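Data block below; observations after.
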Amino acid sequence: METSAIEELIKAGLPDAEVTVTGDGRHFEAAVVSAEFEGKSLIQRHRLVLATVQAQIASDQLHALSITSAKTPAETE
């Protein structure tokens, strides 16, 4: 998969998100900023992001996605 395709999947699931994805074609890392994370624990935030690419993980199109950061807009200021 391309990094841009993963970014689009995450943005489709979290429409307000600012997403940056890096990777080597199989293993990827994502940094996500979204108001959806407000009031959620780190695990809940990661689950929200992973849910956006679950079909690709299940089909092995996407082998691995590490979430390097999952912050609210206020946490990035």
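This structure is a prediction, so every number in the text was calculated from the model and none was measured.
- To the nearest 0.5 Å, atoms CG (L9) and CG (L14) are separated by 11.0 Å.
- For NZ of K11, the number of neighbouring non-hydrogen atoms (other residues, nucleotides, ligands) closer than 6.0 Å is greater than 12.
- Going from atom CD of E7 over to atom CE of M1 covers 11.0 Å, rounded to the nearest 0.5 Å.
- Contact detail for D16 and A35: the closest heavy-atom pair is OD2-N, 2.9 Å.
- You'll find the side chain of E2 stays beyond 4.5 Å of the side chain of V21, heavy atoms only.
- Tracing side-chain contacts under 4.5 Å through hydrophobic residues (I, L, V, M, F, W, Y), one never reaches V33 starting from I10; they form parts of separate clusters.
- Nearest heavy-atom pair, A17 versus V32, reported as atom, atom and distance to 0.1 Å: CB-CG1, 4.0 Å.
- We find the OG1-NE2 distance between T22 and H27 to be 12.5 Å, quoted to the nearest 0.5 Å.
- Note that CG of L65 and CD1 of I6 are 6.5 Å apart. Values are rounded to the nearest 0.5 Å.
- No side-chain heavy atom of I67 sits less than 4.5 Å from a side-chain heavy atom of R45.
- From T52, atom OG1 reaches atom CD1 of I57 across 8.0 Å, with rounding to the nearest 0.5 Å.
- Around CD of E38, the count of heavy atoms belonging to other residues, nucleotides or ligands within 6.0 Å does not exceed 12.
- The shortest distance between side-chain heavy atoms of Q44 and L48 does not fall below 4.5 Å.
- Here the straight-line distance linking atom NE2 of H46 with atom OG of S69 works out to 8.0 Å at 0.5 Å rounding.
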